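Counting starts at 1 for both ligands and their atoms, following the listed order. None of the values given here were measured: they were computed from a predicted structure.
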Amino acid sequence: MSAGLFAGKELLSADRETTTTLPETVSPPVTTLDVGDLPFTWDADVKVFNLVAEPVQQVIVPGKTLDLWGFNGSAPGPTIQANEGDRVRIAFTNHLPEPTAIHWHGLELPIEMDGVPGIGQKLVMPGEQFRYEFSLHQNGTFFYHSHMAMQEMVGMLGGFIIHPKRPYVPRVDKDYLIALQEYAVLPNSSIPNSMNMEFNWLTFNGKSGPASTPVVVRQNERIRIRFINLGMDHHPIHLHGFTFWETGREGARQQESAWTRGNTVLVGVAQAKDIEFVADRVGDWMLHCHLPHHMMNQMSSTVGPMTRSVGAGMQAGASMEEAMGMLGDGNATSENYAPSLGRGLGVGSTTDTSVTNSPLSIRDANGQLPLFPQDAFMEGPMMAVDKQVQKPETYGLPPGWSGFEGGMMTLVRVVSPSQYDKILELKRLQGGGAGR
Ligand SMILES: [Cu+2]
């Protein structure tokens, strides 16, 4: 038993910024910004977690709340942290309106604990409970999720960190988990369409930029960031300013001889990837998925009468089938649909009005100037919401910064010791712990 390492409340409320003072033999706890950890209690030498699957209202950015299914109040659910050698009990309760079961992704455990309904266990019906209990002999970055595919697509994911018996070498000063998720939500709706293949809300730990809390570290600290991905897309996560080592992936930490260097790590569906670097240069460095459509919020076709001064564009208030590009008549390769297959949000490229027909379009002597607008009115100071996303971790960012963030995007803020102390002070004044 290793009660001393992460005993109860300490892990939840402790000022995580003091982890550099931990003894050499102790791994720093993992911080899941904007989400937090699942609390636990002890029953003799068993670590007991209470996990509840339930509908949640997840604020993706200020003003945009999605109806999702998650765990204990959030999607993704709170992170489970345990130690190699622990025995854990997860008392699971299903508060969803339909059956489910929870899979422990990557864990080597008895088949009846694997969380696959119809194979290793019965479905956990609405209102029912199920007791998962197993011993942990692995260490690394894992996760838990519903084993029902559509439930996965509406938020049911959470991190499961198993700390090693001895800290990994070299030891890091700070350790973070970022869960990648994606949703397809019509404008003016709060409910994702789990069948859609184009996603317009992309989140780090349940927040889209600029609402994601920046990672704030002291200059010269060694940092680990663990990514987990459960969605329909693989996400190439890119870090500005540093060349990192990829030190681990789902299942295990890699031998040092197998580490690879890079500035972009492809986090495939169902994968975990760990990266490490020494944050030796001060700056507010971008960390983001580099798929262009994953770097913006509420991406949708230009719709409505405002944009239909010429031709027949897609109407606002179109049906779900039309607006989300689902096939209504004809097959996928029919004349109607073939040209728009792939990435259409609307009826398709066949009927969407070109954005150059918008009132914002520019014309020159030869007619319309192709392509404009692309980003001119979609990001920048006009779109800034600095005040709405202000928190201690954003202290000192240049005015208007928030207008340049969207989707799976946040900042790794490498700050001087004095700036760091200032941000810590602001956190203390705010009275909240880090990680929320
Ligand atoms: Cu992406």
Side-chain angles (χ1 to χ4, degrees), residues 32-35 58 60-61 64 66 68 70 75-76 105 141 143 145 149-150 152-159 176-186 192-215 225-242 244 246 248-250 260 262-275 285-301 324-325 341-345 374-375 378-379 383 402-412:
T32 312
L33 292 167
D34 298 315
V35 175
Q58 179 74 31
I60 302 293
V61 293
K64 188 69 182 179
L66 298 187
L68 303 175
H105 190 101
T141 307
F143 44 104
H145 63 81
M150 289 312 221
E152 294 175 15
M153 285 308 300
V154 295
M156 295 189 66
L157 166 69
Y176 296 90
L177 174 69
I178 296 181
L180 315 178
Q181 291 171 297
E182 54 190 3
Y183 305 104
V185 189
L186 282 171
N193 178 353
S194 55
M195 291 172 67
N196 191 255
M197 288 293 287
E198 175 67 289
F199 301 91
N200 59 351
W201 286 100
L202 291 296
T203 61
F204 277 167
N205 290 341
K207 301 282 185 193
S208 297
S212 316
T213 299
V215 171
I225 304 178
R226 310 163 185 245
F227 301 97
I228 58 175
N229 176 19
L230 201 64
M232 290 294 296
D233 285 303
H234 312 304
H235 301 285
I237 305 296
H238 177 62
L239 174 64
H240 289 209
F242 298 95
F244 52 69
E246 188 183 316
R249 49 176 297 162
E250 78 280 358
T260 53
N263 52 54
T264 303
V265 59
L266 184 61
V267 189
V269 174
Q271 287 194 307
K273 292 284 179 71
D274 302 345
I275 64 166
W285 306 100
M286 279 252 157
L287 177 70
H288 63 97
C289 176
H290 223 302
L291 291 185
H293 287 186
H294 293 185
M295 298 165 62
M296 58 184 90
N297 293 336
Q298 185 93 305
M299 184 189 67
S300 59
S301 297
M324 298 303 270
L341 274 183
R343 311 295 287 183
L345 249 194
Q374 288 298 317
D375 280 88
M378 300 172 81
E379 59 183 35
M383 299 297 286
S402 60
F404 296 88
E405 277 203 20
M408 285 181 176
M409 188 177 284
T410 191
L411 292 168
V412 174

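Considering only heavy atoms from C-beta on, D34 comes within 4.5 Å of T213 through its side chain. At least one side-chain heavy atom of W201 sits less than 4.5 Å from a side-chain heavy atom of V61. Inter-residue side-chain proximity for F204 and L180 is flagged as met; some heavy-atom pair is nearer than 4.5 Å.
Judged as a side-chain hydrogen bond (donor to acceptor under 3.5 Å, both in side chains), and not counting sequence neighbours, the contacts of H240 are H288.
A donor-acceptor pair is defined here as one N or O able to donate and one able to accept, closer than 3.5 Å; no such pair exists between the side chain of N229 and the backbone of A270.
Inspection of the H293 and E198 side chains reveals an N or O donor paired with an N or O acceptor under 3.5 Å.
For the Cu ion (ligand 1), protein N, O or S atoms under 2.8 Å: 3 in total.
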